[in-house]
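Residues take their numbers from the sequence shown, with the count starting at 1. Order of listing sets the numbers, starting from 1, for every ligand and every atom in it. The figures here come from the full heavy-atom set of this structure, side chains too, leaving out hydrogens, waters and symmetry mates.
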Amino acid sequence: MDRLENLVRSNILKLSPYSCARDEYEGQGAHVFLDANENPYNAPLNRYPDPLQKDLKRAIGRIKGMAPEQIFLGNGSDEAIDLLFRIFCTPSIDNVVAIEPTYGMYKVCADINDVEYRPVLLNDTFQIAAQDLLDATDEHTKIVWICSPNNPTGNCIKHETIVDVLALFRGIVVVDEAYGDFSDAPSFRKTLNTYPNLVVLNTMSKAWGAAGIRLGMAFSSTQIIDLLNKVKYPYNVNSLTQQEALQMLADPFQVEKWVKLILAERTRMIESFKLLPFCLHVYPTDANFFLTRLVNAPSIYQYLIDKGVVVRNRSSVKLCENCLRITIGTKSENQELLAALRCYR
Ligand SMILES: *Cc1c(COP(=O)(O)O)cnc(C)c1O
């Protein structure tokens, strides 16, 4: 990896971040808070939340096996994605490389930040050679985006491929493991001490069943976490979210139970799909959804809409012609989808 100073935008390196009242006072034991122009009434919501979410990071650190200093928390992982662009990519000069097809937010954030986006097509098994990603980079490439398990294809990118990119690329490598809780593949979090250029993304939006509270996580070196903290909004994770997340983290076994249920349903759904006369292929998946190629996906998509069942039509995505992406729901939701499909003519 290049020296971090050479990868970070110079304005960000020089930036002195906004200093909020709750940053300045670090001590314990004060009981009169007249430092932040808050209303003294309407406790506890009258108070600004902890800008660095220390309690929450300790709880997440215990579950994920990470030190709090290696954790960034954001308003969804989407916040971390946008911040990484703003920290590393100088608009209209730098570029990023990503696998294709993948999660749409990387390109949207690139476009918003006026950063060139270089997609590299996966092969027909939705894998890629590390060299193909590296060949797409040049001296202005700051980040390589790898989503694994990948959305919308569902599969994990081969471990050795990601290791090779981490070892051979001199910039930042983001491994987005939003669906990692559904997969047996070991998390790249465990390799953070080996690769100083690695950022791993997790979220509470999928297996943790809490998309509504908007809580995303980035794990990385303390240097990169410090940069994320420097650029984020001072109070980016609100107190209701911090409180609710702490409660959910107190019961990690609930998540294990959900994952087991969803994986059992996924097996059942895939077997049922393979028996549908208009189903051409179901792709292997490591996530809580699967991609399936149908004889006429757009018309089946519309048919389902008319029955009140919404799936994701990926027909216009490269390599996903005539494909629908199906999220695993409850048993009865899945049953409703199958019942509708069995009546399709
Ligand atoms: C759903 C998803 C996320 C989650 O984003 P949040 O902002 O945390 O809800 C991140 N990455 C991928 C690939 C996803 O599919």
>> Taking 4.0 angstrom as the limit and counting only heavy atoms of C147, give me the atoms of ligand 1 inside it, by number and element.
In response: 13 (C)
> Just heavy atoms, cut-off under 4.0 Å: does S77 contact ligand 1 by side chain, backbone, both, or neither?
Replying inline: both
> In ligand 1, which numbered atoms sit nearer than 4.0 Å to a non-hydrogen atom of G76?
Replying inline: 6 (P), 7 (O), 8 (O)
> So, E177 and S187: side-chain donor and acceptor under 3.5 Å apart, yes or no?
Replying inline: yes
> How close does the nearest protein non-hydrogen atom get to atom 9 (O) of ligand 1, and which residue and atom is it?
Replying inline: S205 OG, 2.6 Å
> Is the closest heavy atom of A211 to ligand 1 under 4.0 Å?
Replying inline: no
> Looking just at side-chain N and O atoms, do D176 and N150 make a donor-acceptor pair shorter than 3.5 Å?
Replying inline: no
> Just heavy atoms, cut-off under 4.0 Å: does R214 contact ligand 1 by side chain, backbone, both, or neither?
Replying inline: side chain
>> If we ignore hydrogens and angles and just use 3.5 Å, is the side chain of N155 paired with the main-chain N or O of T285 as donor and acceptor?
In response: no
> Nearest to atom 15 (O) of ligand 1, what protein heavy atom do you find, and at what distance?
Replying inline: Y179 OH, 2.7 Å
> Going by atom types only, do D164 and T161 share a side-chain donor-acceptor pair under 3.5 Å?
Replying inline: no
> Taking distance alone, with no angle check, do N151 and ligand 1 share an N/O pair under 3.5 Å?
Replying inline: yes
>> Can you see whether Q53 engages R58 through a side-chain donor-acceptor pair at a distance of less than 3.5 angstrom?
In response: no
> Considering only heavy atoms, does M204 approach ligand 1 within less than 4.0 Å through its side chain, its backbone, both, or neither?
Replying inline: neither
> So, are E160 and K158 salt-bridged, with charged N and O less than 4.0 Å apart?
Replying inline: no
> Do D78 and Y103 have side-chain N/O donor and acceptor atoms under 3.5 Å apart?
Replying inline: yes
> Relative to each other, are the rings of W145 and Y106 parallel, tilted or perpendicular (30° and 60° limits)?
Replying inline: parallel
> Which residue supplies the protein heavy atom nearest to atom 14 (C) of ligand 1, what is that atom called, and how far is it?
Replying inline: K206 NZ, 3.1 Å
> Against heavy atoms of A178, which atoms of ligand 1 measure under 4.0 Å?
Replying inline: 2 (C), 3 (C), 10 (C), 11 (N), 12 (C), 14 (C)
>> If we set the cut-off at 4.0 Å for heavy atoms, which region of D176 has an atom near ligand 1: side chain, backbone, both, or neither?
In response: side chain
